[in-house]
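Written out below as structure tokens is the structure these notes cover.
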Amino acid sequence: QTANDIQIQRYDKDFRSKQLIKAAIMDNDFLKNLDTLQVKEMVESMHQAEYKADSYVITEGEAGNDLFVSAEGEFQVIKDGKILAVMGPGKAFGELAILYNCTRTASIRALTPCKVWMLDRRVFQKSA
Ligand code: CMP
């Protein structure tokens with residue numbers, strides 16, 4: 001499947017959600033240099049997913065297919081069994097495997113019931 005076969009599906013969302021996603025992208029060192037139009041497309045194309053407390057959003061070492069923005073809840077960043085960080089809402093993560101085509105550099109674990117916005121890498125690659 002080539003990038004041109006990917007239909008960019010847009011998902012309606014409220015103003016507050018759009019602002020949260022945009023701010024998270026602009027706050028991420030690896031994503032902040034994307035141009036305004038690319039960011040707008042990403043905001044429009046993200047869809048929501050939920051994770052139970054104690055579940056893994058990302059597993060270290062696996063192939064990565066999505067970029068995430070945290071919307072609700074608390075998340076741990078874990079690498080080699082060590083907790084590197086705890087994040088709340090409004091953080092973009094999972095960008096490294098998408099941008100650099102590497103495996104996931106850390107695990108992301110939901111500490112509480114969590115909501116995220118997510119974007120398929122093919123949509124990201126088409127818009128970015
Ligand atoms: P990725 O490697 O795709 O998947 C795991 C994600 O965890 C990674 O992208 C980053 O978004 C995030 N991450 C990796 N290392 C750290 C760190 N030291 N602190 C915070 N987040 C990190």
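Just so we're clear, the structure is a prediction, and the values are computed from it rather than from any experiment. Both ligands and their constituent atoms are indexed starting at 1 by order of listing.
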[X] and [Y]: which non-hydrogen atoms are nearest, and at how many Å?
| X | Y | value |
| --- | --- | --- |
| S45 | Y11 | O-CD1, 3.4 Å |
| N28 | A92 | ND2-O, 3.4 Å |
| K79 | E60 | CA-OE1, 3.5 Å |

Looking at F75 versus Y51, is the centre-to-centre ring distance below 6.0 Å? no

Spacing of CE belonging to M46 relative to CZ belonging to R10, to within rounding of 0.5 Å: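 One gets 14.0 Å once the value is rounded to the nearest 0.5 Å.
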
Under a strict 4.0 Å criterion on non-hydrogen atoms, which protein residues are in contact with ligand 1?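 These residues qualify: I58, V77, L84, F93, G94, E95, L96, A97, R104, T105, A106, I108.
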
Check side chain to side chain donor-acceptor pair (under 3.5 Å) between D12 and all other residues, then give those that pass, not counting sequence neighbours.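 D12 satisfies side chain to side chain donor-acceptor pair (under 3.5 Å) with no residue once adjacent residues are dropped.
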
